[in-house]
There are 2 protein chains.
Amino acid sequence: MLSERKKKILQAIVEEYVETAEPVSSGSLLKKNDLNISSATIRNEMAELEQAGLLDKPHTSAGRVPSAQGYRYYVDQLIKEDKISFEEIEYIKSKLESRAVELEEVTKIVTNTLAEVTHYTSLAIGPDNAQQIISEIKFVLLGSRILMAIILTENGLIKETMIKFEEDITESQVQSINLIFNAKLKGMPLSEITKPMEEYIISEMKNEINIIKSIIEQINKAIIECQNIYLKGAKNILDMPEFNEVDKAKSFLDIVDKKEFLKNLEQEESVKDINVYIGDENGNEKLKDYSIVTFKHVVNGKNLGTIGIIGPTRMDYSKVISIMKYINKELNNNNKED
Amino acid sequence: MLSERKKKILQAIVEEYVETAEPVSSGSLLKKNDLNISSATIRNEMAELEQAGLLDKPHTSAGRVPSAQGYRYYVDQLIKEDKISFEEIEYIKSKLESRAVELEEVTKIVTNTLAEVTHYTSLAIGPDNAQQIISEIKFVLLGSRILMAIILTENGLIKETMIKFEEDITESQVQSINLIFNAKLKGMPLSEITKPMEEYIISEMKNEINIIKSIIEQINKAIIECQNIYLKGAKNILDMPEFNEVDKAKSFLDIVDKKEFLKNLEQEESVKDINVYIGDENGNEKLKDYSIVTFKHVVNGKNLGTIGIIGPTRMDYSKVISIMKYINKELNNNNKED
DNA sequence: ATTAGCAGTCACTTAAAAAGAGTGCTAATG
DNA sequence: CATTAGCACTCTTTTTAAGTGACTGCTAAT
C-alpha cells in the first residue's frame, strides 16, 4: 500500500512522462505540482518508488520513468476517467451516427474514429465466423455463370461470396439449391456445414453435386477461413518521439503487420469493461514496449468482435480509456434492440 | 545524341546508384565495369554528362547521381527488359492463378503481389464507377428489413450495397422493384440513374416511392461516389536508405495517404504499355522525389482501372518495368474471352 | 521527517583536428 | 587530339577532447 504522497508523486510522474516523453526530474515535479515538499524529499520518495519497482531510471543522472508495473498501478488505481473533451464527444458522436447496415462497415467506422481521436493505431478483430449460427442462406444468379452466396447469421452478420462456374446455371437450379441449403443448414454453425451437405450429396445423388461442392468449398475459403481484421493509423506512431528512429518504427509496423498478437485478443475472456495489456503482460516478449487497450464489441448480448488500440507503453491511458468507454457506450445506445 | 561510351557510363551510374544509394565515383565505375578507359577519362565524360543535365553532383567531392532527366534517358533508351527472375515469374504466376471472380479481388491480389515482388508501394485505382453501363440490377431481401442491391455492369464489375428500412419489406415489393429498376436502368451509365427513377416516381406515384428513393440514395453514396483505391506495402519504403529519417518517411506516407495524385493517373490517356512518371514530370511538385510506374488493366478491351507502384526516383526501373510487363501480360492471358 | 547543499555521474553539445573520398585541372603521352 | 597520370583542392565524415548541464544520492543540519 502506497502512501497518499507516493501515489500523488507516481501519478504526476506518469502524467508528465506521458506528456513530454522525457524522464521526469524531482525539480520539474516540484515546479508543476504543489506538493509542499522539497525536491530532496521528492528524490527520497522517488528512490523508494524505484525500489518498489514502480519507476525506472534510464541512467544515474536522468530523471525517473514509470516501469510497466508503475503504469499498471496507475491504470488500476490512479486513472482519471473523464479525460475526454466536449469536442471529442461531439466528433465521435457524429462519426458513429452513420447507421451502417453491415457489421464490417460499423467496425471500419469505429476503428477509423478511434485512430483519429487517440492518435494511436487502432485495431479490430471480427468474431470467429466459424462459430456463427446460420439464420438464412440466399443464392443469387448473376449473369449466367456467377452465383452469389449470401449468408445471414443470428448475430446479424451478412457475409457474401461469389462462385464462378464453367457452365451456365439455370434459375431452377438456383431455386433448388436455395431450398436444399436452407433446409439442411439453418440453425447450424458455419463450421459445421461441410458434413451435412456431403451426406446429402451421397444420399440423394442429385444433378447439382458439383455445384454444391463448389459452393461449400468457396464458402469455406472466403468466409469461414477468413478472419476480419482491421488496422488503422499505423503511421500515427511515427509522430511519437520513441519512434524517431526508423528501425523502431519498422519493428512496430512489422508487429502490427503480422497481426499474430491479435489472435490471442479475441479469445481472451474477461469480465472487465476495458482491458489493458501493458508491455509483455500478455506473454508476448515482442510486445514488451507496447500496450494494448481493448473492449468487446457487444450489442444486445451478441459478441461482434474486439476493438482496441495499440501504442507505446508510454500511453495516455486515462484518455484512451475514457474514449473507449464512451465509444463502447455509444455503440450500445445506437443499437438497442430496434 | 549521346556517344556509345557516354550511354554505357550513364547506364552504369544509374544501375550502381540504384543498387547502392551512394553517389557513384569514377573509381568505382572503373572497378565494376570494363570500359578500358582510365578514371580520368570517366571523370571527363561524367563532367559532360552533368553539363547535359543527365547527372547531378551532391557536392564537389562526391560522386555523381542521376538527375530526373538522367533517369528519363535511362528509361527511354537504356533499360533492360528482362530483369525478372525465374523465381519471380513462378511466384507471380502462382499468385495470379487464383481465379477470383470479382474485379476487386483480382485487383487486391495484383497489388499485393506487386508490392511483394518490387518492394515498393503498389497502388490501384478502379475504373470510374459512374461511367459503368448497367447490365443488370438485382435486389435481394435479407431478413425483412434489409435490401441488398447488386449491380452488374457491362465491364463485368459486380457492386453491391445494403439498404436498411424502418419497416418490413415484402417479397412482392422486392419483385416489383426488381422489375422497375431493370426496365428503367438497363443499358444506362451509373451516373444517370437518378433522373429516370425520379421521373418514374413522379409519373406513377406508386407505393414504393420511399423505398426507391432510399435505394437510389444509397447506390449513389455507396457505389457511385466511391472510388476504389488500393495501396499496399507503404511500409516498404522504410527499408530504403533515403527514408532513414522519420520525417522523410512521414512525408511519403502522407502523400500516399492523401491519394490526391492518384486521381490524375486514372484519367491519363496513353498509348504506351507501361507509363513512367519520374519526379515531378506529372506536374505535382510534391512528387518531385518520387516516381510512379503504371499500366492500364485492360481485359478484352475493357478498362478495369490503373495499377502501378510508387517509390523514390532512385528506383529499379528495369526490374519494375519487367515485372509490370509480365503481370500485364498474365492478366490478359488469364482472361482471354472465356 | 524534512531539507539545503554539494559531490558525483552521465549524456549531450561544441569545437577542433584528422581522415577519407572524389573531383578538376594540368601537363605529359601515344 | 583523345587519353591519362598525378596532384592540389574541396567537402563530408569520423574522431577526439573539452566543456556544459541536468539530475541524483548522500550528508549534515534543522
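All chains are named by letter (A, B, ...) in the order of the sequence lines, taking the proteins before the strands, and each is independently numbered beginning at 1. The shown structure was predicted, so the numbers you read here are calculated from the model rather than taken from an experiment.
- The residue among A:G63 and B:T41 whose nearest nucleotide of DNA chain D is located toward the 5' end is B:T41.
- Between the CD atom of B:Q51 and the P atom of C:dG24 there is a distance of 10 Å, given to the nearest Å.
- Without hydrogens or angle criteria, A:E16 side chain to A:V24 main chain gives no donor-acceptor distance under 3.5 Å.
- One atom, CZ of B:R64, and another, P of C:dG24, lie 4 Å apart when rounded to the nearest Å.
- Listed for the B:Y290 side chain is no donor-acceptor partner under 3.5 Å among the backbone atoms of B:K286.
- When heavy atoms are screened at a 4.0 angstrom cut-off, A:T60 is found touching the sugar-phosphate backbone but no base atom.
- Distance alone, capped at 3.5 Å, places no donor-acceptor pair between the A:D280 side chain and the A:E285 backbone.
- For D:dT3, the OP1/OP2 oxygens have a side-chain nitrogen or oxygen of B:R5 closer than 4.0 Å.
- Rounded to an integer number of Å, the gap from CG of B:N36 to P of D:dT3 is 12 Å.
- As a whole-Å value, the separation of B:L55 CG from C:dG24 P is 11 Å.
- Nucleotide D:dT30 is matched to C:dA1 when pairs are restricted to Watson-Crick or G-U wobble geometry with both distances under 3.5 angstrom.
- Each of A:T118, A:V117, A:T111 was scored for a side chain to side chain contact (heavy atoms under 4.5 Å, CB included) with A:L114, with one residue passing: A:T118.
- Following rounding to the nearest Å, B:H59 (NE2) and C:dG20 (P) show an atom-to-atom distance of 16 Å.
- Among the heavy atoms of the strands lying under 4.0 Å from B:A40 is at least one base atom, whether or not backbone atoms are also near.
- One donor-acceptor pair, N or O on each side, does fall under 3.5 Å between the base of D:dC11 and the side chain of B:S61.
- Between B:K57 atom NZ and C:dT23 atom P there is a gap of 8 Å when expressed in whole angstrom units.
- Taking atom CG of B:N44 as the reference point, atom C1' of C:dT23 lies 11 Å away to the nearest angstrom.
- The NZ-P distance, from A:K6 to C:dA1, rounds to 11 Å in whole Å.
- With A:S322 contributing its side chain and A:K83 its backbone, the two residues share a donor-acceptor pair below 3.5 Å.
- At the heavy-atom level, B:S26 lies under 4.0 Å from the strands shown only through sugar-phosphate atoms.
- Comparing B:I37 and B:P58 by the nucleotide of DNA chain D whose heavy atom lies nearest to each, the residue mapping closer to the 5' end is B:I37.
- Below the 3.5 angstrom threshold, one finds a donor paired with an acceptor across the side chain of A:R43 and the base of C:dG5.
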